[in-house]
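Scroll down for the structure; my scribbles are underneath it.
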Amino acid sequence: MQPVGSSPARLVIALSVAAVLAIFVVYTAVAGNGIADVTPSTLAGHSGAVALVGKVVGTPQHTNGGLRFRIKDIGRATAARVPVVYRGSVPDLFKTGGDITVQGKLRNGVFVAKRDSLVTKCPDHYAPAKSKSSNT
């Protein structure tokens, strides 16, 4: 044990480490991934990389250039529709009417998605299939 009144070096180091960790946690919470989430109706006002959030409409088509589909704003029937071209793995839950997020840039009116950035959103109210059991 050190006598009372000794150098507080250990305390200063511990507090410094705690402060650095706290700043890191706040920075990651506030800064996030640095990419803005936008909807198809607000996409035209953004330049650079964004995360486009919407609902798949129409029939997705696989072409040599990649998967092509359109998305619209979630919950708006008359919302703008944006054509998307995507290359990479496609989640099992990807389908017409499904909600998705995809990262990329708008080029000449077409949203060119970053490879392997397609993520499907899970339904809010997931319920497993009801089992058929008899009451005996």
Side-chain angles (χ1 to χ4, degrees):
M1 289 189 59
Q2 292 183 349
V4 177
S6 65
S7 172
R10 282 191 261 174
L11 177 62
V12 171
I13 292 171
L15 289 175
S16 298
V17 170
V20 168
L21 291 174
I23 290 170
F24 175 74
V25 168
V26 170
Y27 173 76
T28 55
V30 171
N33 60 8
I35 296 178
D37 287 349
V38 298
T39 61
S41 62
T42 61
L43 178 61
H46 290 84
S47 61
V50 296
L52 186 61
V53 179
K55 183 177 291 292
V56 179
V57 293
T59 304
Q61 299 176 349
H62 292 276
T63 66
N64 289 340
L67 179 64
R68 295 182 178 271
F69 56 94
R70 292 183 173 270
I71 65 173
K72 70 173 190 78
D73 291 0
I74 298 170
R76 295 180 63 191
T78 60
R81 286 167 165 69
V82 174
V84 177
V85 62
Y86 172 78
R87 292 181 184 94
S89 60
V90 179
D92 291 338
L93 294 176
F94 177 79
K95 63 181 178 183
T96 299
D99 297 346
I100 65 161
T101 300
V102 65
Q103 294 179 11
K105 295 180 181 181
L106 186 63
R107 293 187 188 144
N108 300 322
V110 176
F111 189 80
V112 179
K114 179 180 166 188
R115 180 177 289 278
D116 295 325
S117 67
L118 178 63
V119 177
T120 56
K121 292 179 148 191
C122 295
D124 290 340
H125 302 289
Y126 172 77
K130 294 181 181 178
S131 63
K132 295 181 181 180
S133 61
S134 59
N135 294 335
T136 55

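The basis for the numbers below is simple: all heavy atoms, side chains too, and nothing from hydrogens, waters or symmetry mates.
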If you round to the nearest 0.5 Å, how far is [atom2] of [Y] from [atom1] of [X]?
X: Arg70; Y: Thr59; atom1: CZ; atom2: OG1; value: 12.0 Å
X: Leu43; Y: Asp73; atom1: CG; atom2: CG; value: 10.0 Å
X: Leu67; Y: Arg87; atom1: CG; atom2: CZ; value: 10.5 Å

(request) Spell out, as yes or no, whether a donor-acceptor pair under 3.5 Å connects the side chain of Ser16 to the backbone of Val12. (result) yes
Closest approach of [X] and [Y], non-hydrogen atoms and distance?
X: Val84; Y: Ala113; answer: CG1-CB, 4.4 Å
X: Thr96; Y: Gly58; answer: OG1-O, 2.6 Å
X: Asp116; Y: Ser89; answer: OD1-N, 2.7 Å
X: Ala51; Y: Thr101; answer: CB-CG2, 4.1 Å
X: Ala80; Y: Ser41; answer: CB-CA, 4.0 Å
X: Val85; Y: Gly65; answer: CG2-O, 3.5 Å

(message) Which residue is it: Lys55, Lys72, Lys121? I am looking for the one with a salt bridge (Lys or Arg N to Asp or Glu O under 4.0 Å) to Asp99.
(response) Lys55
(message) Under 6.0 Å between ring centres: does that hold for Tyr86 and Phe69?
(response) no
(message) Quick one, Val90 with Leu118, criterion side-chain contact (heavy atoms from CB on, under 4.5 Å). Give me CA distance, side-chain angles, the key distance, then yes/no.
(response) CA-CA 7 Å; Val90 179; Leu118 178 63; 4.3 Å; yes
(message) Side-chain heavy atoms nearer than 4.5 Å, only ILVMFWY residues, links allowed to pass through others: does that put Val57 and Val82 together?
(response) no
(message) Taking side-chain contact (heavy atoms from CB on, under 4.5 Å) as the criterion, tell me which of Val119, Val53, Val56, Leu52 meets it with Ile100.
(response) Val56
(message) Contact between Pro83 and Arg68 at the side-chain level, heavy atoms closer than 4.5 Å - yes or no?
(response) no
(message) Is there a side-chain contact between Arg107 and Val112 in this structure, where contact means two heavy atoms from C-beta onward sitting under 4.5 Å apart?
(response) yes
